[in-house]
Amino acid sequence: MSLAELQNMFLSPELLERYGPRFIDGLLVTTKLVAISFTLGAVLGLLIALGRLSGNRFLRSFTGAYVYFFRGSPLLAQLFLLYYGLGSFKGFWQDVGLWWFFRDAWFCTLLAFTLNTAAYQAEILRGSILSVAQGQREASKALNLSRWTTFRKIILPQSLLVAIGPLGNELILMIKASAIASLVTIYDLMGVTKMVFSRSFDFQVYLWAAVLYLVIVEIVRRSLKFIEGRLGRHLQ
Amino acid sequence: MHAQPAYVHNPVSPVTDTRKVVVDIAGLNKYYSAFHVLKGIDLKVHEGERIVLCGPSGSGKSTLIRCINRLEIAEQGRILVNSTDLSQATREAAQVRSEIGMVFQHFNLFPHMSVLDNCILAPMSVRGLSRKKAVELAQHFLEKVGIAIQANKYPSQLSGGQQQRVAIARALCMEPKIMLFDEPTSALDPEMVSEVLDVMVKLAGSGMTMLCVTHEMGFARQVAERVLFLDGGMIIEDSPPEDFFNAPKSPRAKAFLAQIVH
Ligand SMILES: Nc1ncnc2c1ncn2[C@@H]1O[C@H](COP(=O)(O)OP(=O)(O)O)[C@@H](O)[C@H]1O
Ligand SMILES: [Mg+2]
């Protein structure tokens with residue numbers, strides 16, 4: 001097999017020229033989807049983690065049930081439930097003025113991903129908050145620091161250091177799981193790949209997709225390692 | 001026999017002491033669920049007084065001093081700190097911690113902050129000092145404990161003795177009226193004990209009111225006006241160090257002293 005044939009099999013210039021830009025678009029959609037839902041999920045996750053740790057029994061059991069549900073069922077099922085399930089109450093959503101949101105696959109996907117990753121991130125953050133030594137809280141109390149200052153300046157920075165590894169894993173899982181979005185008509189990386197395959201019937205596009213996912217994951221993994229190293233310098 | 005202490009003090013009987021009472025504990029009872037930890041503690045601490053608490057492990061020493069800055073809340077009895085009643089959940093009671101510094105066995109420095117940041121956080125956030133003022137204050141006290149040149153290091157870059165001295169400086173930066181020490185040297189390697197004790201002796205010389213849980217008997221002889229011996233949640237003895245060390249009254253104190261003097 002000549003080199004040209006080999007190239008045609010795995011990285012055909014013709015295919016690349018015709019569909020390359022679409023893959024870039026798909027990559028951007030995937031990045032945007034994951035970046036937005038992961039960030040919103042972090043904020044929601046922190047609130048849920050605090051709820052799980054709160055002294056209020058109602059808050060504790062409500063957030064406990066939330067985490068139990070979203071970690072205990074498949075993301076795909078959650079997405080379909082939101083998009084097809086809630087999306088079928090057209091009249092109701094129109095009445096409350098939210099139909100623009102629930103009829104849109106993009107918003108529903110963002111919401112499903114956010115709710116799902118929030119549950120995982122909440123558990124990571126809860127564990128990392130609990131891992132901060134009790135002595136840190138006592139020292140803060142003895143210095144008469146307010147609860148808010150203690151949380152913001154003492155507990156949170158130390159727990160984030162513990163959480164950053166597991167949060168990075170969660171981000172990587174999210175990037176890969178985001179391919180599910182293609183099942184509700186989103187043209188993310190996987191959506192684009194499926195579309196291009198249906199036109200070209202050339203399996204190599206799936207290889208491209210796999211490599212592109214790998215590249216994003218690798219970039220994320222390395223950045224996280226770098227950040228982790230920077231943050232934890234003095235704790236070695 | 002023991003050498004005479006270098007630090008000259010003037011033991012006064014707690015009953016006839018005319019100095020202002022800064023901590024006044026009466027009928028204090030504390031329980032951990034069913035377990036009765038403190039059993040009817042009565043204690044008056046006077047301004048500038050230096051008290052050493054000792055006693056077997058589990059006798060309630062930590063619990064007692066932790067009640068004084070409300071790290072623990074007692075179920076029964078009264079604690080007045082500078083006439084503020086700590087048993088009431090009032091704003092004044094909550095603020096009493098600003099007047100009381102505490103030094104822990106395991107230092108409890110904030111590991112993600114530099115030595116300087118450890119020292120300026122509370123003065124800025126609780127006392128509302130400007131950064132400049134807080135840094136000046138921190139440098140002053142870090143100087144006193146001999147850590148000024150390490151101000152920009154992280155706690156993990158310091159030895160145990162240095163970390164404990166930073167912890168003392170951090171507490172002093174709140175300019176407290178009373179200092180509590182809970183076994184400040186018992187987590188240290190033996191060669192580092194004296195550098196911490198030296199700082200505490202200096203602090204005692206400056207007139208600070210101090211309550212120290214410690215088994216460093218040399219320190220007790222040198223600076224304490226009173227030694228309290230706790231056992232089973234009660235103060236069994238309350239006497240000047242000479243009396244306590246030379247003629248302990250209770251058999252339990254005798255046994256305890258025999259044990260720690262080796
Ligand atoms: N948070 C707690 N919950 C239950 N029991 C405790 C707690 N803290 C201390 N205790 C118990 O109370 C007793 C006195 O403890 P402590 O004041 O720490 O003694 P000491 O400092 O004299 O060694 C010990 O028997 C200890 O096991
Ligand atoms: Mg103790």
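Bear in mind the structure is a predicted one, so any value in this text is a computation, not a measurement. Every chain is numbered from 1, with letters handed out A, B, ... down the list of sequences.
Under a cut-off of 6.0 angstrom, the local environment of NZ in B:K30 is crowded, with over 12 non-hydrogen atoms contributed by other residues, nucleotides or ligands. Around atom CD of B:E75, more than 12 heavy atoms belonging to other residues, nucleotides or ligands sit under 6.0 Å away. Under a cut-off of 6.0 angstrom, the local environment of CZ in A:F226 is sparse, with at most 12 non-hydrogen atoms contributed by other residues, nucleotides or ligands. Within 6.0 Å of CZ in A:F62 there are 12 or fewer heavy atoms belonging to other residues, nucleotides or ligands. Under a cut-off of 6.0 angstrom, the local environment of OH in A:Y68 is sparse, with at most 12 non-hydrogen atoms contributed by other residues, nucleotides or ligands.
Scanning residues 22-37 of chain A against chain B with a 4.5 Å non-hydrogen threshold yields no residues. By a heavy-atom distance cut of under 4.5 Å, A:G135, A:Q136, A:E138, A:A139, A:S140, A:K141, A:A142, A:L143, A:N144, A:L145, A:T149 are the residues of residues 134-149 of chain A near chain B, going up by number.
Counting heavy-atom pairs closer than 4.5 Å to chain A, the top residue among B:M174, B:H106, B:R170, B:M102 is B:R170. Ranking B:V96, B:I100, B:L121 against chain A, the residue ahead of the rest is B:L121, based on heavy-atom pairs under 4.5 Å.
Contacts between B:F104 and chain A at a heavy-atom distance below 4.5 Å involve the side chain alone, from C-beta outward. Contacts of B:L180 with chain A are absent, with no heavy-atom separation under 4.5 Å from either backbone or side chain. For a residue to count as touching a neighbouring chain, one of its non-hydrogen atoms must lie under 4.5 Å from one of that chain's; by this rule B:A167 does not touch chain A. Looking at B:S125, only its side chain comes within 4.5 Å of chain A, counting heavy atoms on both sides.
Panel note: side chain B:H112, backbone A:L161; no donor-acceptor pair is recorded below 3.5 Å.
Interatomic distance, B:F110 CZ to A:I155 CD1, rounded to the nearest 0.5 Å: 8.5 Å.
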